[in-house]
Amino acid sequence: MLNILVTGSKGFIGHHLVKLLQDKNYTVLEYELGCPIDELNDYIFKCDIIIHLAGVNRPLNQEDFYRGNFDLTKYLVETLNKYHKKTPIIFSSSIQATLNNDYGKSKKMAEDFLFNSGLPVYIYRLNNVFGAGCKPNYNSVVATFCYNIAHDLSIDIHDENHLVHFNYVDDVVKEFLKIVEGKNYQGQKDILSLSLTYDCSIGKLAKLISYFKQEIVSSHHLPLIHDEFELKLFKTFCAYFSDEGVNYNHVEDERGYFLELFKSKRYGQISENMSYPSIKKGGHYHTYKQEIFYTVVGRTKIVQQNINSGEISINIVDGEHPQLINIAPSHTHTIENISQDNSYTLMWISEIYHPQTADTYQKEIVNN
């Protein structure tokens, strides 16, 4: 198994990346700016690939831009040369590398040095990266809006029509993982970018997040989600909303995954269900809990059967034309992905799930 050096491992992207790599059973060597240089030397000697995330974007003085963004990159390359290693490097640069400011210029210098190093390199100019765990009121408009709106704080908008390009953190780390698992480390001679990039104006972003808050605290509980960007934005918003001290679960297996997004003693629970093609889940009923299923991506077949009368109802739901499907108590139910790609369904349940009071009883649908 590969040894992977991740610089900036404690940062926003680094935290998500390290978890994903560890889940895949890779050995992760974590390095942060300011840690002993001998530790970094040892990691460089041991590693099979470097994912270079460490950098500086808000220093106390201009020189720190170059020390944090260029000098560390230069040190990585020179140390690899000292050890006569051709270790591939994945580098997270920024769209600001095209701008005439100290942050952008220091990133551009690092890019040019890597391209001229003779090493196999993959240089990504990332857009505004958002997702759970990003620090609010710092340098992320999504994190700031999510946190402030969730906590009823004001937000500042200077130009509501200003268009911003966004990358979702899970898409970023999956892109890096794809290179790691490709194992054909030839490098790329051109600047790379994520294919999954979302454009949204500042005004629309604020309205969407405000709408999420409005729906969660209303009797509806569940906002209408129209595309993948809104789903990812909603998942991000839920991470900043009060969880009332309860834990969230993420269960993943060969069928897909089930992720708890939002829990409230007052409003119940919202989860996300991802299923691979042809996968059917469910086969149980509740005696008093109520649920709502809302497929936002893919096509699903939702079947319910009254456990008393045996009456069956079937709903075919398409994410391009989503609709709310009420799951009634005393109805055993299943949800099946009948599309060719993964399906994503938001699920609301009227109370927080507790294993001790699950109110969930296994029963297969018959005569279907």
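Along the sequence shown, residues are numbered consecutively beginning with 1. Quick caveat, the model's predicted, so the values are computed rather than measured.
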> Is there a side-chain hydrogen bond (donor to acceptor under 3.5 Å, both in side chains) between Glu291 and His333 once you walk through the steps?
Replying inline: CA-CA 11 Å; Glu291 291 181 299; His333 49 275; 3.2 Å; yes
> Which pairs count as salt bridge (Lys or Arg N to Asp or Glu O under 4.0 Å) when at least one residue sits in residues 309-329, sequence neighbours excluded?
Replying inline: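 As it turns out, there is no salt bridge (Lys or Arg N to Asp or Glu O under 4.0 Å) pair with a partner in residues 309-329 once direct neighbours are skipped.
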> Does anything in residues 24-33 pair up under salt bridge (Lys or Arg N to Asp or Glu O under 4.0 Å), and if so which pairs, sequence neighbours excluded?
Replying inline: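 Every salt bridge (Lys or Arg N to Asp or Glu O under 4.0 Å) pair that includes a residue of residues 24-33, provided the two are not neighbours, is Lys10-Glu30.
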> Between Lys263 and Tyr248, is NZ or CZ placed under 6.0 angstrom from the six-membered ring centre and within 45° of the ring axis?
Replying inline: yes
>> If you compare all heavy atoms of Leu261 against all heavy atoms of Phe234, which two are closest, and at what distance to 0.1 Å?
In response: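 Residues Leu261 and Phe234, closest heavy atoms: CD1-CE2, 4.1 Å.
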> What heavy-atom pair brings Val142 and Ile209 nearest, and what distance separates the two atoms?
Replying inline: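 Heavy atoms only, the tightest pair is O-CD1, 4.4 Å.
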Determine whether the side chains of [X] and [Y] contain a donor N or O and an acceptor N or O closer than 3.5 Å.
X	Y	answer
Asn337	Ser339	yes
His52	Thr7	yes
Tyr124	Glu175	yes
Thr295	Thr300	yes
Glu111	Ser93	yes
Asp71	Thr73	no

>> Tell me every residue that passes side-chain hydrogen bond (donor to acceptor under 3.5 Å, both in side chains) with Asn249, counting only those two or more places apart in sequence or in another chain.
In response: Glu260
> Sequence neighbours excluded, which residues qualify as side-chain hydrogen bond (donor to acceptor under 3.5 Å, both in side chains) partners of Asn137?
Replying inline: Asn148
Counting C-beta onward and ignoring hydrogens, is there a side-chain heavy-atom pair between [X] and [Y] closer than 4.5 Å?
X	Y	answer
Ile49	Leu5	no
Leu119	Pro88	no
Tyr257	Glu272	yes
Tyr147	Ile155	no
Pro277	Asn342	yes

N/O donor-acceptor pairs under 3.5 Å from side chains in residues 156-164, not counting sequence neighbours:
residue	atom	partner	partner atom	Å
Asp159	OD1	Asn161	N	3.1

> Could you go step by step and tell me if Phe176 and Leu53 meet the side-chain contact (heavy atoms from CB on, under 4.5 Å) rule?
Replying inline: CA-CA 11 Å; Phe176 294 167; Leu53 307 176; 3.8 Å; yes
Would you find a donor on one side and an acceptor on the other, under 3.5 Å apart, between the side chain of [X] and the backbone of [Y]?
X	Y	answer
Ser330	Ile307	no
Asp359	Thr287	yes
Lys107	Ser92	yes
Trp348	Ser271	no

With a cut-off of 6.0 Å (strictly less than), are more than 12 heavy atoms of other residues, nucleotides or ligands near [atom1] of [X]?
X	atom1	result
Asp112	CG	yes
Phe45	CZ	no
Lys82	NZ	yes
Lys105	NZ	yes
Gln340	CD	no
Arg299	CZ	no

> Ion pair present between Lys174 and Asp170, side-chain N to carboxylate O less than 4.0 angstrom?
Replying inline: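 Between Asp170 and Lys174 there is no salt bridge, as every charged N stays at least 4.0 Å from the carboxylate O atoms.
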For residues 185-207, dump all side-chain donor-acceptor pairs below 3.5 Å to protein atoms at least two apart in sequence or in another chain.
residue	atom	partner	partner atom	Å
Tyr185	OH	Val180	O	2.6
Gln186	NE2	Asn184	OD1	3.3
Thr197	OG1	Asn167	ND2	3.1
Thr197	OG1	Leu194	O	2.9
Tyr198	OH	Lys232	NZ	2.6
Asp199	OD1	His165	ND1	2.5
Ser201	OG	Lys204	N	3.1

> Taking only residues two or more places apart in sequence, or in another chain, which ones meet Tyr122 in a ring-ring contact (aromatic ring centres under 6.0 Å, His included)?
Replying inline: none
Residues two or more places apart in sequence or in another chain: which of them pass side-chain contact (heavy atoms from CB on, under 4.5 Å) with [X]?
X	value
Asn101	Gln96, Leu99, Tyr103
Ser154	none
His321	none
Lys19	Asp23

>> Starting from Ile302 and following side-chain heavy-atom contacts under 4.5 Å between hydrophobic residues (I, L, V, M, F, W, Y), which residues can be reached?
In response: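 Via sub-4.5 Å side-chain contacts, Ile302 links to Phe258, Phe293, Val317, Ile325, Ile327, Ile335, Met347.
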> Parallel, tilted or perpendicular for Tyr168 and Phe130, by the 30°/60° rule?
Replying inline: tilted
>> Tell me whether the rings of Phe237 and Phe241 are parallel (<30°), tilted (30 to 60°) or perpendicular (>60°).
In response: tilted
